[in-house]
Amino acid sequence: MTATADTLASGPGWHVADVICTASAGDRPFEEAHRDFCVAAVTSGSFRYRAQQGTAVLAPGSLLLGNSGTCYECGHEHGNGDRCLSFHFGSAYMDRIVADVPGARTLSFAAPRLPPLQALAPLLAEAEAARDLADTDAFEELALRVAGAAVATLSGDTNGGCDPSRRDQKRVAEAVRRIELDADGPISLPGLADETATSPYHFLRTFRQVAGMTPYQYLLRTRLHRAAVRLRTSNDAISAIALEAGFNDLSTFNRRFRRVMGETPGRYRARRAGRG
């Protein structure tokens with residue numbers, strides 16, 4: 001078996017890797033062991049997956065589910081190679097998610113995979129785009145959302161839990177104010193959750209319900225909005241504007257500005273100054 005695993009991002013209790021397998025139909029199936037819980041989104045190719053929970057054929061859009069400490073086998077009888085976004089989670093990380101998902105009672109996955117589901121398609125598209133755009137900051141939230149989606153789908157919690165309480169709405173409002181005040185500094189999902197005395201998964205889910213987007217998406221939008229205003233109202237260097245808005249480097253700022261605004265910062269400034 002020939003496979004490469006490139007770690008894209010990591011944090012306490014989780015990491016995500018871009019896994020590319022080049023095994024062919026003539027290669028013997030290989031057996032390995034899941035060191036942690038695994039939720040792998042298949043982005044291209046197909047393969048057979050056999051684990052403790054059963055056997056399944058995985059194709060693009062499906063999720064491989066692996067339980068910590070169990071063996072598994074992959075084979076490519078029906079085609080050559082595959083590519084996955086492989087999310088790995090420690091037991092403590094998953095335990096906190098299970099505790100926050102209505103109807104979820106066990107830590108282990110009962111099925112070997114989730115088939116391509118319409119409800120999960122937008123989330124998987126976000127994850128694949130983050131990989132292709134090298135948006136490593138997005139994976140802190142994406143890892144939590146992918147793990148939560150797998151647990152919630154298997155437990156039957158398809159409605160995303162109960163409506164946010166008044167207390168949760170107040171917590172989100174406080175987090176929004178925090179982001180508005182400190183958007184140019186380091187802000188993390190676990191940090192925001194700690195400030196509201198909730199778990200990261202519960203905070204992320206209620207923030208999306210109340211604000212209509214994730215905390216990272218709100219933070220990014222706030223930073224880009226402020227940078228766009230500066231581009232229109234000042235002659236400051238683009239690099240200075242990027243750093244003061246909270247971006248770590250100019251290339252990251254240029255890439256994200258173009259993705260959201262549809263043009264580069266330089267083009268945006270020139271066109272609004274009547275030079276383009």
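In this text the structure is predicted, and so the values were computed from the model without any measurement. All values below were derived from every heavy atom in this structure, side-chain atoms included, with hydrogens, water molecules and symmetry-related copies excluded.
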Which atom pair, heavy atoms only, marks the closest approach of Thr55 to Arg50? OG1-CG, 3.3 Å

Under the side-chain hydrogen bond (donor to acceptor under 3.5 Å, both in side chains) test, residues paired with Gln52 that sit two or more places apart: none

Can you confirm whether His225 sits close enough to Val229 that some side-chain heavy atom of one is under 4.5 Å from a side-chain heavy atom of the other? yes

Using atom types as modelled and distance alone, determine if a side-chain donor or acceptor of Arg83 lies under 3.5 Å from a backbone N or O of Thr43. no

Contact check, side chains of Cys21 and His76, non-hydrogen atoms, under 4.5 Å: yes

Answer yes or no: is there a side-chain heavy-atom contact under 4.5 Å between Asp132 and Glu128? yes

Qualifying ring-ring contact (aromatic ring centres under 6.0 Å, His included) pairs with a residue from residues 49-69, counting only residues at least two apart or across chains: Tyr49-Tyr72

Return all side-chain donor-acceptor pairs below 3.5 angstrom for residues 6-17, not counting sequence neighbours, or 'none' if the list is empty.
none

Across all chains, not counting sequence neighbours, the side-chain contact (heavy atoms from CB on, under 4.5 Å) partners of Pro115 are Arg113, Leu117

Does the Glu263 side chain pair with the main chain of Arg271, one donor and one acceptor, at a distance under 3.5 Å? no

Please report the closest heavy-atom contact between Ala149 and Leu120, naming both atoms and the distance. CB-CD2, 3.7 Å

Compare every heavy atom of Pro164 with every heavy atom of Gln169, then report the nearest pair and how far apart it is. NE2-O, 3.3 Å

Least distance between heavy atoms, Leu154 atom then Ala111 atom: CD2-CB, 4.1 Å

ILVMFWY cluster, Leu114 and Val19 together (side-chain gap under 4.5 Å): no

Only counting residues at least two apart or in another chain, list the ones meeting side-chain hydrogen bond (donor to acceptor under 3.5 Å, both in side chains) with Ser251. Asp249

Do side-chain atoms of Arg205 reach the backbone of Asp100 as a donor and acceptor pair under 3.5 angstrom? yes

Can you hop from Val42 to Phe87 via hydrophobic side chains spaced under 4.5 Å? no

Heavy-atom donor-acceptor pair, Arg255 side chain to Leu133 backbone, under 3.5 Å: yes

Looking at CG of Asn235 and CD1 of Ile241, how far apart are the two atoms once the value is rounded to the nearest 0.5 Å? 9.0 Å

Examine Val210 and Leu144 and state if one hydrophobic cluster contains both, with Ile, Leu, Val, Met, Phe, Trp and Tyr joined whenever side-chain heavy atoms are less than 4.5 Å apart. yes

Single-linkage hydrophobic cluster, 4.5 Å side-chain cutoff, Met213 and Leu142 together: yes

Would you say Arg259 has more than 12 foreign heavy atoms packed within less than 6.0 Å of its CZ? yes

Between atom CG of Asp95 and atom CZ of Phe37, what is the distance when rounded to the nearest 0.5 Å? 8.5 Å

In short, Pro60 meets Pro116 closest at the heavy-atom pair O-CG, 3.6 Å

Please answer: with hydrophobic residues joined when any side-chain heavy atoms are less than 4.5 Å apart, are Leu123 and Leu63 in the same cluster? yes

What residues form a ring-ring contact (aromatic ring centres under 6.0 Å, His included) with Phe109, not counting sequence neighbours? none

With the side chain counted from C-beta on, respond yes when Leu58 and Cys84 share a heavy-atom pair under 4.5 Å apart, and no when they do not. no

Stepwise salt bridge (charged side-chain N to carboxylate O under 4.0 Å, His left out) check, Asp184 with Arg226: CA-CA 10 Å; Asp184 57 343; Arg226 292 179 180 178; 5.6 Å; no

Please walk me through it: do Thr214 and Glu141 pass side chain to side chain donor-acceptor pair (under 3.5 Å)? CA-CA 8 Å; Thr214 71; Glu141 288 185 356; 2.5 Å; yes

Who are the side-chain hydrogen bond (donor to acceptor under 3.5 Å, both in side chains) partners of Arg221, not counting sequence neighbours? none

Residue set satisfying salt bridge (charged side-chain N to carboxylate O under 4.0 Å, His left out) with Glu174, at least two apart, ordered chain then number -> Lys170

Closest approach of Ser46 to Ala59 (non-hydrogen atoms, all atoms of both residues): CB-CA, 4.3 Å

Results of side-chain hydrogen bond (donor to acceptor under 3.5 Å, both in side chains) for Thr222 - residues two or more places apart only: none

Can you measure from NE2 (His202) to CD1 (Ile97) and round to the nearest 0.5 angstrom? 14.0 Å

Among all residues two or more places apart in sequence or in another chain, which pass the side-chain contact (heavy atoms from CB on, under 4.5 Å) test with Val176? Val172, Glu180, Phe207, Tyr218

What pairs with Arg223 under side-chain contact (heavy atoms from CB on, under 4.5 Å), at least two apart in sequence or on another chain? Ala183, Leu219, Phe247

Take atom CZ in Arg208; do more than 12 heavy atoms of anything else shown fall under 6.0 Å from it? no

I want to check something: taking the side chain as every heavy atom from C-beta on, are Phe139 and Arg131 in contact at a cut-off of under 4.5 Å? yes

Quick one: are Phe253 and Pro265 in side-chain contact, heavy atoms under 4.5 Å? yes

Does a side-chain heavy-atom distance below 4.5 Å link Asp137 with Arg256? yes

Sequence neighbours excluded, which residues qualify as side-chain contact (heavy atoms from CB on, under 4.5 Å) partners of Thr196? Arg171, Thr198, Phe203

